[in-house]
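Numbering of residues begins at 1 and proceeds along the displayed sequence.
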Amino acid sequence: MHPHRVTCKVADLIHPLGWDEADEIVVEIGGTATSGIHQPEDANPKWSSPFGFTKYNKDAFIVIKNKDRSPFQPSKAHDEVSSDDG
C-alpha cells in the first residue's frame, strides 16, 4: 500500500470520529514484545533476545490514538464507608 494513501485514509477518518485536525494524533504498533533482560554472551539466541530487541508478532496491529481526546485521570481512593450500627 502506498504511504500517501494510508495518510489520506487516516485524514478521512478524523472528521467522522469527531476529531479535529489540530488534535495530537499518534500512530503506534501493538502486538509486540521487547526484551528487557540483559542476556549473557553465551545465551542461545533462539530463546533469548538481546536487550532492547523488539519482536513483532504475526498478529501485530496499528493503533491510531488521539492524545487530546483521552485525558489521563488517576484512580481515586474510595470514600470511607459509614456504618449505621452506631
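- Remark: Phe51 engages His38 in a ring-ring contact (aromatic ring centres under 6.0 Å, His included) (not counting sequence neighbours).
- Using a distance-only test at 3.5 Å, with no hydrogens or angles considered, no donor-acceptor pair links the side chain of Asn57 to the main chain of Asp59.
- With a 6.0 Å radius and a threshold of 12 heavy atoms from other residues, nucleotides or ligands, Leu13 has its CG atom above the threshold.
- In the model, Thr32 has no side-chain atom that pairs as donor or acceptor with a side-chain atom of Thr54 under 3.5 Å.
- Ser35 places a side-chain N or O within 3.5 Å of a backbone atom of Ser49 that can act as its donor or acceptor partner.
- The two atoms that bring Ala22 and Asp20 nearest to each other are N-OD2, 2.8 Å, heavy atoms only.
- Not counting sequence neighbours, the partners of Glu28 by the salt bridge (Lys or Arg N to Asp or Glu O under 4.0 Å) test are Lys65.
- From Asn44, atom CG reaches atom CD of Gln39 across 10.0 Å, with rounding to the nearest 0.5 Å.
- Cluster membership check: Ile14 shares its hydrophobic cluster with Ile64, using side-chain heavy-atom separations under 4.5 Å among Ile, Leu, Val, Met, Phe, Trp and Tyr.
- Here Asp12 contributes atom CG and Thr7 contributes atom OG1; the two are 11.0 Å apart, rounded to the nearest 0.5 Å.
- Between Ile29 and Phe61, the closest side-chain pair of non-hydrogen atoms is not below 4.5 Å.
- Hydrophobic clustering, with ILVMFWY side chains joined whenever heavy atoms are under 4.5 angstrom apart, groups Leu17 together with Val10.
- Between Ala43 and Ser48, the shortest heavy-atom contact is CB-OG, 3.3 Å.
- No donor-acceptor pair closer than 3.5 Å links the side chain of Asn66 to the backbone N or O of Ile25.
- Between Gly30 and Val63, the shortest heavy-atom distance links the atoms N-CG2, 4.4 Å.
- Taking every heavy atom of both residues into account, Asp68 and Glu24 meet most closely at OD2-N, 2.7 Å.
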Dump the intermediate steps for salt bridge (Lys or Arg N to Asp or Glu O under 4.0 Å) on Arg69 and Asp23, then the final yes or no.
-> CA-CA 8 Å; Arg69 306 289 171 142; Asp23 290 345; 2.9 Å; yes
